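Quick caveat, the model's predicted, so the values are computed rather than measured. Numbering of residues begins at 1 and proceeds along the displayed sequence.
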Amino acid sequence: MIGFRTMRHVILLVYILIFSTGFASLAGLAVIASRLSHPFAKRMIVVQGVFLANLALVALYYYLAQVLSMVGSDSTLEFWFGLVSTLLGILLYASLWYLLRLKSFSAGPQTLRQAVWILIASTIGIHCLHLADTLGLGLAFVHSPLFQIATYLCIALTLLCIGLLLFLSIRKTDHPALRLLFKGIGISCLLFVPLSAVEYLLANASSFSYQPLSLEYVVNLLINITILLAAVKVLEKQSGSASAFGQLSEQTAQRFSLTQREQEMATLIAQGLTNKEIAFKLGISEATVRTHIYNLFQKVGAQSRIELLNLLHD
């Protein structure tokens, strides 16, 4: 009895940890998206939101199952949990497809990208089979050990390919926080492969009860920590960018083939001036300012002001 109670406390503690870092990571992604204006952070908000919804559902099910076990049958709870969790699973992998459709991942090998699309589609297909069985279509084979192994392999291979794709999409010109996101999330996805194998062995060859926890939540915890570290890096760069930037060196200007006006734009951007303020200061139109800044971004290879200053400073 003491061991069971201890396990329930451990489960509760892990849920609190994952939930707290999960909601904090959503705020971190919002900070990264607003500072860098990069679509990866914006789309990751969708992925994180769906996963947190899934985690909340599992926590609710675990609580209700404990309550209903005191009064009798909980078959209705099992049905609705299976239905909603399967729908959220489909939505989660659909959100991953939405994330990986970004141009940032077009640089990866064609075969790897094709493998990712096939695996994501296969995983969604597996969830659809589970959904059909939950709705009473009598697909008994989805409960067979062979189908469970195939499910684990499909999900593991999906995250393995996603992890590799993230690593191969890292560019030196990316903002340090963005590189940290790609690398940290990539490592987390790769770690899922051995963790999924361990989880399968625990679920089928051990009496150790860790349900309703899943080892994939450990992966999500690592992703949460990565996002928080990236958000801190963005804020550090933001606070120190203007003071650290200083005057553009002649070598930097020659390296990027910057005109005198573009060098002036970079200096004013480092001072935190908006397009309207730059236009007023230089006595030119905002449209002209936008043109100069666009050309500056193209030459340096930046997608945001913060990334621009970091690249010029480096």
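Applying the ring pair (Phe, Tyr, Trp, His ring centres under 6.0 Å) criterion to Phe297, with sequence neighbours excluded, gives no partner residue. Qualifying side chain to side chain donor-acceptor pair (under 3.5 Å) partners for Gln254, counting only residues two or more places apart in sequence or in other chains: Glu250. Residues forming a side chain to side chain donor-acceptor pair (under 3.5 Å) with Lys281 (at least two apart in sequence, or on another chain): none. With sequence neighbours excluded, the residues satisfying side-chain contact (heavy atoms from CB on, under 4.5 Å) with Ala287 are Ser285, Arg290. Arg261 meets the salt bridge (Lys or Arg N to Asp or Glu O under 4.0 Å) test with Glu264; sequence neighbours excluded. A search for side chain to side chain donor-acceptor pair (under 3.5 Å) contacts involving His292 returns nothing, not counting sequence neighbours. For Lys183, there are no salt bridge (Lys or Arg N to Asp or Glu O under 4.0 Å) partners two or more places apart in sequence or in a different chain. Here Thr291 pairs with nothing under the side chain to side chain donor-acceptor pair (under 3.5 Å) rule; sequence neighbours left out.
Counting only residues at least two apart or on different chains, no salt bridge (charged side-chain N to carboxylate O under 4.0 Å, His left out) pair has a member in residues 125-150. Residues in residues 144-171 take part in these salt bridge (charged side-chain N to carboxylate O under 4.0 Å, His left out) pairs, two or more places apart or across chains: Arg171-Asp174. Annotation: ring pair (Phe, Tyr, Trp, His ring centres under 6.0 Å) contacts involving residues 118-151, sequence neighbours excluded, comprise Tyr93-His127, His130-Phe147, Phe141-Phe147.
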For residues 38-60, tabulate all N or O donor-acceptor pairs below 3.5 Å that involve a side-chain atom, not counting sequence neighbours.
residue : atom : partner : partner atom : Å
His38   : ND1  : Phe40   : N            : 3.0
His38   : NE2  : Gln303  : OE1          : 3.3
Arg43   : NH1  : Tyr98   : O            : 2.6
Gln48   : OE1  : Asn220  : ND2          : 3.2
Gln48   : NE2  : Ser25   : OG           : 2.8
Gln48   : NE2  : Asn224  : OD1          : 2.7

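Between the Thr267 side chain and the Gln263 main chain, a donor and an acceptor come within less than 3.5 Å of each other.
Heavy-atom minimum distance, Phe182 versus Ser169: CE2-CB, 3.7 Å.
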